[in-house]
Structures are given as structure tokens and as C-alpha cells.
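To start, the structure under review is shown below, and the notes come after it.
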Amino acid sequence: MPAQCSRRQLLAAAGSVAATAAAPPHILTIDAHIHLFDPARFPFHPNATYRPPPQPLEPYSKFVKQAKIDHTVLVHPEPYQDDHRYLEYCFAHEPSPGFFKGTCLFDPIDPQTPARIRALAERNPGRIVALRIHEMRKPGTPPTTSGAIHDRDLKSPAMRETWRHVYQLGLAIQMHFIPYYAPQIGALAAQFPAMPVILDHLARAGQGTRAEYAEVLKLARLPRVYMKLSALEYSSRQPFPYRDAKPLVRQACDAFGADRMIWGGLGHSLAEFKQQSELFDYMLDFLSGADRAKIRGLNAATLFHF
């Protein structure tokens with residue numbers, strides 16, 4: 001009998017080793033772009049540019065554990081404008097210690113903005129990673145000077161001053177823009193070559209001309225400009241999996257390289273995460289596994305100091 005028990009134990013141990021060997025290794029996964037909303041507890045700002053349905057923290061926290069997402073960058077959204085109370089609430093109630101970092105939204109031409117960014121960053125040490133700036137207005141239309149925080153003048157001296165202070169704070173600039181504005185972004189970024197500049201949503205390539213997207217790709221010549229692979233529907237005229245956007249993704253990868261691409265918009269549910277993971281694999285099937293791992297999470301871990 002003892003020999004029989006020993007044999008069973010050996011077989012069980014062998015099975016356990018085989019199962020472990022068959023299990024794929026965990027690949028670091030960081031969502032570099034997600035919005036959360038809880039308008040019932042944290043009402044939207046009067047200047048909200050849109051009013052989305054709730055996407056609150058509590059179910060999201062359960063989802064990231066199921067999906068095995070390692071970290072998330074909360075991109076502070078326009079419905080809250082410069083009210084960051086919900087962002088700070090999410091920091092205080094995150095799924096695990098150090099799980100979240102976040103961007104902020106302040107008026108980039110307001111003289112008070114540098115001090116306000118500093119105060120927010122000091123209240124939340126190590127958490128604020130970037131100031132997000134929106135440039136979505138139709139070419140030829142004048143920039144805004146008040147109201148909702150978007151479409152301010154990239155050529156304004158006050159804009160440059162804000163970029164300077166962001167650089168001094170050790171943060172990044174995160175641009176949400178249409179390709180038309182790439183040269184203006186490049187002119188600013190060239191003045192602060194050591195500061196990371198993140199281009200959201202593949203620069204919404206589908207909302208510009210080929211010549212304008214060529215100007216976006218020229219931004220890769222600057223050493224710390226990063227492209228974010230997210231919201232590919234903005235660059236496609238086709239349904240999922242947005243096959244017509246794949247050449248644009250390839251061009252971005254060729255220009256920026258696997259070391260300066262990050263991934264975002266992984267969803268709020270397992271179904272959405274599965275779809276985004278399939279899209280990631282389809283769009284980047286020309287890259288090696290090591291390069292895909294960089295874009296999936298390793299680059300974001302370094303860029304955002306997770």
C-alpha cells in the first residue's frame with residue numbers, strides 16, 4: 001500500500017508539473033487609456049462636452065481582476081472638465097495598491113494652470129502622468145479662449161508656458177487631435193525634446209488626409225513622442241476588425257518602432273477585452289512576440305513608472 005500511495009503521489013505531481021508547463025506565461029498588460037464615469041455620485045461639469053452613460057469604478061475593479069490587467073491609466077474625461085474629484089476617488093479605492101495612474105485636464109492657456117497641475121500632482125504623489133490637450137476643431141476655424149476646455153491655440157505663448165511647466169514637473173503631454181494639427185504639435189514638442197508626448201487613438205488617422213497623416217508620422221523623428229494604439233474605429237470606414245486601418249497601424253509601427261507604441265482602450269468587460277485582444281493580435285501580427293509584449297504593457301510600465 002505505501003508503494004501504491006507513493007506512486008499516486010508521483011503521478012499527481014507529474015500531472016501538476018505538466019499543467020504548469022502547458023500554462024502560457026503571464027504577459028504584462030497595461031491599459032493606457034480608459035475612462036470611468038459615475039455621474040450619480042460625481043455629477044458632470046456644466047461645460048461637459050458629452051454626457052456618457054455610467055461606467056463606474058466598482059464593476060471595473062472586478063473586471064480587471066478577471067481579465068488579469070496589471071495596471072490602468074485613467075484618462076480624465078471631458079465630461080468632468082477640470083473637476084478631478086472622481087479621479088482622486090478612483091485612486092483612493094483602486095483594485096490593488098498602485099493599480100491606477102491618471103491624466104489631468106486643465107485649460108492650457110490659463111495662467112493658473114501650472115499651479116493647479118502642481119497642486120493636483122502633490123496631492124496624489126506619483127499618480128498624475130500627463131496633461132491631456134484636445135485639438136479637434138475643423139481646420140480654418142478659430143481656436144477657443146473660454147468655455148469647455150478644448151481647441152485652444154497651440155501657437156499661444158500661454159500654451160508654450162504650460163508645456164514648459166509640465167516638463168518641469170516631470171509629466172507628459174497627451175494629445176487628442178486630428179492629423180491637421182501634427183505640425184503645430186511638432187513645433188511645441190521640438191522645444192521640449194526630453195518630455196514625453198503621447199498621441200492618442202492612432203492620431204485619429206481616418207479624420208485627416210494622407211498628407212496630414214504623413215505629418216503625424218514625422219513626429220516620430222522626435223525622440224520621446226509615442227503613438228497609442230486605441231480607438232481604431234476613428235481611423236476606419238469598416239466594421240470590426242477595421243481592416244482598412246491595418247496599413248495605418250503598420251505605418252505607425254514602422255515610424256515609431258515597437259519601443260514607442262502603447263496600447264489602450266481594453267474595455268470594461270470580458271467580452272470587450274476579448275475583442276480588443278483579438279484586434280491587437282490581428283493588427284500587430286507582423287511583429288515578433290517580444291515586440292508585441294512591449295506594446296501590450298512593457299512600454300507603458302516604463303513610460304508611466306508603474
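All heavy atoms count here, side chains included; hydrogens, waters and symmetry mates do not.
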task = Treating Ile, Leu, Val, Met, Phe, Trp and Tyr as nodes and any side-chain heavy-atom pair under 4.5 angstrom as an edge, say whether Phe91 and Leu171 lie in one connected cluster.
result = yes

request  = Kindly indicate whether the side chain of Asn299, heavy atoms from C-beta on, has any atom under 4.5 Å from the side chain of Arg260.
outcome  = no

Would you tabulate the side-chain donor-acceptor contacts of residues 36-43 under 3.5 Å, counting partners in other chains and residues two or more places apart, or write 'none'?
from, atom 1, to, atom 2, distance (Å)
Asp38, OD2, Arg41, NE, 2.8
Asp38, OD2, Arg41, NH2, 2.7
Arg41, NH1, Tyr89, OH, 2.9
Arg41, NH2, Glu58, OE1, 3.1
Arg41, NH2, Glu58, OE2, 3.0

request  = Find out whether Gln174 and Val129 are in side-chain contact, i.e. whether some heavy atom of one side chain is under 4.5 Å from a heavy atom of the other.
outcome  = no

message = Among residues at least two apart in sequence or on other chains, which ones pass side-chain contact (heavy atoms from CB on, under 4.5 Å) with Ser96?
response = Phe99

ask   = Where do Arg296 and Ser277 land on the side-chain contact (heavy atoms from CB on, under 4.5 Å) test, with the steps shown first?
value = CA-CA 10 Å; Arg296 188 179 182 96; Ser277 297; 4.3 Å; yes

remark   = Rounded to the nearest 0.5 Å, the OG1 atom of Thr49 sits from the CE atom of Met136 at a distance of 10.5 Å

key: Stepwise side chain to side chain donor-acceptor pair (under 3.5 Å) check, Ser236 with Asp244   = CA-CA 6 Å; Ser236 174; Asp244 57 334; 2.5 Å; yes

query = In terms of heavy-atom contacts, does CZ of Arg210 have more than 12 from other residues, nucleotides or ligands at under 6.0 Å?
reply = no

key: Pairs flagged by ring pair (Phe, Tyr, Trp, His ring centres under 6.0 Å) wherever residues 109-133 is involved - sequence neighbours left out   = none

query = Partners of Thr113 by side-chain hydrogen bond (donor to acceptor under 3.5 Å, both in side chains), sequence neighbours excluded?
reply = none

ask   = Charged N to carboxylate O below 4.0 Å: is that the case for Arg164 and Glu161?
value = yes

task = Identify the two heavy atoms, one from Ala301 and one from Leu28, that lie closest to each other, and give their separation to 0.1 Å.
result = CB-CD2, 3.8 Å

remark   = In Lys246, Arg250, Arg292, the residue satisfying salt bridge (charged side-chain N to carboxylate O under 4.0 Å, His left out) with Asp285 is Lys246

inquiry  = Under the criterion side-chain contact (heavy atoms from CB on, under 4.5 Å), I'd like the reasoning laid out for Val197 against Leu222: C-alpha separation, chi angles, the key distance, then a yes or no.
reply    = CA-CA 9 Å; Val197 176; Leu222 297 168; over 6 Å; no

Shortest non-hydrogen contact between Ala203 and Val216, atoms and distance = CB-CG1, 3.6 Å

query = Who are the side-chain contact (heavy atoms from CB on, under 4.5 Å) partners of Asn47, not counting sequence neighbours?
reply = His45, Gln81, Ala148

message = Looking at every non-hydrogen atom in both residues, tell me the closest pair between Pro79 and Ala48 and how far apart they are.
response = O-CB, 3.5 Å

ask   = Got a donor-acceptor contact below 3.5 angstrom from the Gln276 side chain to the Glu272 backbone?
value = no

remark   = Rounded to the nearest 0.5 Å, the NE2 atom of His71 sits from the NE2 atom of His305 at a distance of 13.5 Å

query = Going through the distances and angles, do Leu217 and Gln251 end up as a side-chain contact (heavy atoms from CB on, under 4.5 Å)?
reply = CA-CA 8 Å; Leu217 298 178; Gln251 290 175 44; 3.6 Å; yes

Joint cluster assignment, Leu298 & Leu284, ILVMFWY side-chain distance < 4.5 Å = no

inquiry  = Could you work out, with side-chain contact (heavy atoms from CB on, under 4.5 Å) as the rule, every residue matching Arg116, not counting sequence neighbours?
reply    = Asp82, Phe106, Gln112

key: Glu94 side-chain N/O to Gly98 backbone N/O, donor-acceptor pair under 3.5 Å   = yes

Would you be so kind as to tabulate the donor-acceptor pairs closer than 3.5 Å made by side chains of residues 176-189, with sequence neighbours excluded?
from, atom 1, to, atom 2, distance (Å)
His176, ND1, His134, ND1, 3.0
His176, NE2, Arg204, NH1, 2.7
Tyr181, OH, Arg137, O, 2.9

query = Going hydrophobic residue to hydrophobic residue with side-chain gaps under 4.5 angstrom, can you get from Ile149 over to Ile173?
reply = no

message = Grouping I, L, V, M, F, W and Y whenever their side-chain heavy atoms are under 4.5 Å apart, do Val249 and Leu279 come out in a common cluster?
response = yes

message = Check for me, please, whether Met175 and Tyr167 land in the same ILVMFWY cluster - side-chain distances under 4.5 Å, paths through other members count.
response = yes

ask   = Counting N and O atoms only, with roles assigned by atom type, does the side chain of Ser156 sit under 3.5 Å from a partner on the main chain of Asp153, one being a donor and the other an acceptor?
value = no

query = Measuring from Leu202:CG to Gln207:CD, what's the distance to the nearest 0.5 Å?
reply = 11.0 Å

query = Out of curiosity, Asp110 CG to Thr145 OG1, how far, rounded to the nearest 0.5 Å?
reply = 11.5 Å

query = Tell me, do Phe280 and Thr29 make a side-chain contact under 4.5 Å, heavy atoms counted?
reply = no

For Asp291, all residues meeting salt bridge (charged side-chain N to carboxylate O under 4.0 Å, His left out), sequence neighbours excluded = Lys294

request  = Could you name each residue pair satisfying side chain to side chain donor-acceptor pair (under 3.5 Å) that touches residues 213-231, not counting sequence neighbours?
outcome  = His33-Lys228, Asp200-Lys228, His201-Ser230, Glu215-Lys218, Arg224-Tyr226

query = So do Met195 and Trp163 actually touch side chain to side chain, heavy atoms under 4.5 Å?
reply = yes

note = Contacts of Ala67 meeting side-chain contact (heavy atoms from CB on, under 4.5 Å) (sequence neighbours excluded), chain-then-number -> Phe63, Ile69, Leu270, Phe273

request  = Would you give the length of the straight line joining atom CD1 of Ile109 to atom CE of Met159, rounded to the nearest 0.5 angstrom?
outcome  = 7.0 Å

inquiry  = Just checking Tyr242 against Phe240, ring centres under 6.0 Å apart?
reply    = yes

Verdict with reasoning, Asn124 to His84, per side chain to side chain donor-acceptor pair (under 3.5 Å) = CA-CA 11 Å; Asn124 302 276; His84 295 85; over 6 Å; no

message = Taking salt bridge (charged side-chain N to carboxylate O under 4.0 Å, His left out) as the definition, give me every residue that meets it alongside Arg160, ordered by chain and number, with sequence neighbours left out.
response = none

ask   = Going by heavy atoms in the side chains, are Phe256 and Leu199 under 4.5 Å from each other?
value = yes

Residue list, salt bridge (charged side-chain N to carboxylate O under 4.0 Å, His left out) with Glu278, at least two apart or on another chain = Lys274

pair Leu266-Ile34: side-chain heavy atoms closer than 4.5 Å = no

task = Measure the shortest side-chain to side-chain distance between Ile128 and Leu87 over non-hydrogen atoms and say whether it is less than 4.5 angstrom.
result = yes

note = Rounding to 0.5 Å, atoms CG (Leu229) and CD1 (Ile262) come to a distance of 9.5 Å

request  = Compare all side-chain heavy atoms of Tyr60 with those of Pro95 and state whether any distance is below 4.5 angstrom.
outcome  = no

request  = Report the C-alpha separation of Val73 and Phe306 in whole Å, then their side-chain angles, then the decisive distance to 0.1 Å, and conclude whether the side-chain contact (heavy atoms from CB on, under 4.5 Å) test is met.
outcome  = CA-CA 10 Å; Val73 177; Phe306 278 115; 4.0 Å; yes

query = So, Thr144 versus Arg152: side-chain donor-acceptor pair below 3.5 Å or not?
reply = yes

